[in-house]
Amino acid sequence: QVQLVESGGGLVQAGESLRLDCAVSGRTFINSFVGWFRQAPWKEREFVATINWSGSITYYADSVKGRFTISRANARNTVYLQMTSLKPENTAIYYCAATRPFFRGTDPNDYSYWGQGTQVTVSS
């Protein structure tokens, strides 16, 4: 089993930055991806970004390219999501998720392990 715990959410104003942390514990897989997803009220969960074990491969949703950066520190078993130039439409619960080995993708169904989420609210 893999456990993921998100932290770092909060209330910020438009244009500000925020960093989310995802602590990964339990059985971690070298050939897996860890991603961030978000879900706004009344909307489906959507892909934000994902990264492989070594950090050499990353994918981003078009809506966040150039503003969000995903990274990881394996020595700390932590995956980060640095968010800059935040907009009110970025308000959502942000979830961290991990795939099984040799899986990757941008669909939530590609991910087998999920954290509880952290709320990000961006005021205008």
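Nothing here was measured: the structure is a model prediction, and the numbers come from that model.
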Exercise for review: Write out all pairs satisfying ring-ring contact (aromatic ring centres under 6.0 Å, His included) with one or both partners inside residues 67-104, taking only residues at least two apart or from two chains.
Suggested key: none

Check your understanding: Taking it one step at a time, do Glu89 and Val122 satisfy side chain to side chain contact (heavy atoms under 4.5 Å, CB included)?
Key -> CA-CA 8 Å; Glu89 53 262 42; Val122 184; over 6 Å; no

Check your understanding: Would you say Glu6's side chain and Gly117's backbone share a donor-acceptor pair under 3.5 angstrom?
Key -> yes

Exercise for review: Just jot down the ring-ring contact (aromatic ring centres under 6.0 Å, His included) partners of Phe47, sequence neighbours excluded, or say none.
Suggested key: Phe37

**Study point:** Any residue meeting salt bridge (charged side-chain N to carboxylate O under 4.0 Å, His left out) with Arg19, in chain and number order, not counting sequence neighbours
**Key:** Asp21

Exercise for review: Using salt bridge (charged side-chain N to carboxylate O under 4.0 Å, His left out) as the criterion, list what pairs up with Asp107, not counting sequence neighbours.
Suggested key: none

Revision key, fill the gap. By salt bridge (charged side-chain N to carboxylate O under 4.0 Å, His left out), Arg45 pairs with (sequence neighbours left out) none

Exercise for review: Give a yes or no answer on whether the side chain of Asn74 reaches the backbone of Asn77 with a donor-acceptor pair at less than 3.5 Å.
Suggested key: no

Check your understanding: With sequence neighbours left out, which residue pairs that include part of residues 57-77 fulfil the salt bridge (Lys or Arg N to Asp or Glu O under 4.0 Å) condition?
Key -> Asp62-Lys65

Check your understanding: Just by modelled atom types, is the Ile70 backbone N or O under 3.5 Å from a matching donor or acceptor in the Tyr60 side chain?
Key -> yes

Practice item. Return yes if some donor-acceptor pair links the side-chain N/O of Tyr111 with the main-chain N/O of Gly105 below 3.5 Å, else return no. Key: yes

Check your understanding: Quick one: does Thr99's side chain have a donor or acceptor within less than 3.5 Å of a partner on Arg104's backbone?
Key -> no

